[in-house]
Amino acid sequence: MSGSASVLSLRSLCLTIGTHRILHDCTLDLAEGQTVVILGPSGSGKSTLMRCLNLLLRADSGQILFRGRDLMARHVSATEVRRMIGMVFQDYCLFEHLDVRANLLLAPRTAGAGFLADADARAMNLLAAVGLADKADRYPHELSGGQQQRVAIARALVMRPELMLFDEPTSALDPESIEALQALFRSDALAGMTKIIVTHDIAFASKVADRIVFMEGGEIVAEAAAGQAFSADANPRLRRFLTHAMPHAGAFSSSTDL
Ligand SMILES: Nc1ncnc2c1ncn2[C@@H]1O[C@H](COP(=O)(O)OP(=O)(O)OP(=O)(O)O)[C@@H](O)[C@H]1O
């Protein structure tokens, strides 16, 4: 895939904190409308990579090309980047003192007139799209974990981002809420959106991914289209991870369909 055809192209992204090399030479292309899932063991750098993408962290070197424009250039502001790239955090990060509607409207209000025009209608449409139209005047503590996550997704979407990042979206959800999240990913609100999802949940990954990439030790060490066999023979680290992550799966001595 050429960089110009991609929504997002990472080129040799590196980050060292102190003496700890956290990201090393990460290169990845993401096409319009594609959902890429990042798998990998704990500490492999998945969340750090996501935080670099929306400039919560600044990588030391490399490029983050978003529609061909380098987001690491000095003059590109984090605020501008976060309008284009929405992120849903593992713990949702809702504002506890604001009701659901106010949580959704905070970013449009601070972003200025261009975002405010139809913000209220957009917020209510999004709440309906995530199945929470009747919760607009509730506070986060009055909602279940799955509902709070839906609010966080709607809050990110209200800024009309072109790319959405999800950090471990299933980690705090029960099986029913995970199924509901899968349905939301297939719905009009999210289906066509370009997404990167970090997860440990291989079953969830297999349901929502177009492509799966595998990180270890700060590097992207393997990738495959969903449904295509990962060559576990070719990558013993990936095979070890899958064996550990799916101890009951058993039959993937040579390759595993994800
Ligand atoms: N601010 C920081 N200072 C020093 N080291 C850090 C910092 N943030 C992350 N790290 C280290 O970088 C490595 C990657 O962490 P990261 O959270 O990105 O991994 P992860 O793959 O997302 O892990 P998990 O699956 O457990 O969430 C870890 O070794 C972590 O200790």
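In listed order, ligands and their atoms are each counted from 1.
- Judged as a salt bridge (charged side-chain N to carboxylate O under 4.0 Å, His left out), and not counting sequence neighbours, the contacts of R69 are E80.
- Nearest protein neighbour of atom 2 (C) of ligand 1, counting heavy atoms only, is I17 CD1, 3.5 Å.
- A salt bridge links R11 to D29: at least one charged side-chain nitrogen sits closer than 4.0 Å to a carboxylate oxygen.
- Taking the charged nitrogens against the carboxylate oxygens, R101 and D134 have no contact shorter than 4.0 Å, which rules out a salt bridge.
- Ring pair F95/Y139: centre-to-centre distance not below 6.0 Å.
- Figure legend: cation-pi geometry between K195 and F166 absent, as NZ or CZ is not positioned both under 6.0 Å from the six-membered ring centre and within 45° of its axis.
- Within the listing of ligand 1, atoms 24 (P), 25 (O), 27 (O) sit less than 4.0 angstrom from a heavy atom of E168.
- Salt-bridge formation is not detected for the pair E168/K46: no Lys NZ or Arg NE/NH1/NH2 atom is positioned less than 4.0 Å from an Asp or Glu carboxylate oxygen.
- Looking only at protein heavy atoms, the nearest one to atom 21 (O) of ligand 1 is K46 NZ, 2.7 Å.
- Not a single heavy atom of M215 sits closer than 4.0 Å to an atom of ligand 1.
- The 12-atom threshold is not exceeded at CD of E176, counting heavy atoms of other residues, nucleotides or ligands nearer than 6.0 Å.
- Distance from atom 23 (O) of ligand 1 to its nearest protein heavy atom, with residue and atom name: G43 N, 2.8 Å.
- Using 4.0 Å as the threshold, Q90 has no heavy atom nearer than that to any atom of ligand 1.
- Closest heavy-atom approach to atom 26 (O) of ligand 1 within the set P41, C52, S44, S42: this belongs to S42.
- If you check each of R21, H200, R51 against atom 25 (O) of ligand 1, the one with the closest non-hydrogen atom is H200.
- For I22, every heavy-atom contact with ligand 1 shorter than 4.0 Å involves the side chain, none the backbone.
- The distance from ligand 1 to the heavy atoms of H20 drops below 4.0 Å at these ligand atoms: 11 (C), 29 (O).
- Atom 16 (P) of ligand 1 has T48 OG1, 3.5 Å as its closest protein atom, hydrogens excluded (heavy atom only).
- Not a single heavy atom of G18 sits under 4.0 Å from any atom of ligand 1.
- Ligand 1 is approached by G45 to a heavy-atom distance shorter than 4.0 Å.
- Protein heavy atom closest to atom 17 (O) of ligand 1, with residue, atom name and distance, is S47 CB, 3.9 Å.
- Using a 4.0 Å cut-off between a side-chain N of Lys or Arg and a carboxylate O of Asp or Glu, R83 and E162 do not qualify as a salt bridge.
- Here the shortest heavy-atom pairing between R82 and L55 reads NH2-O, 3.0 Å.
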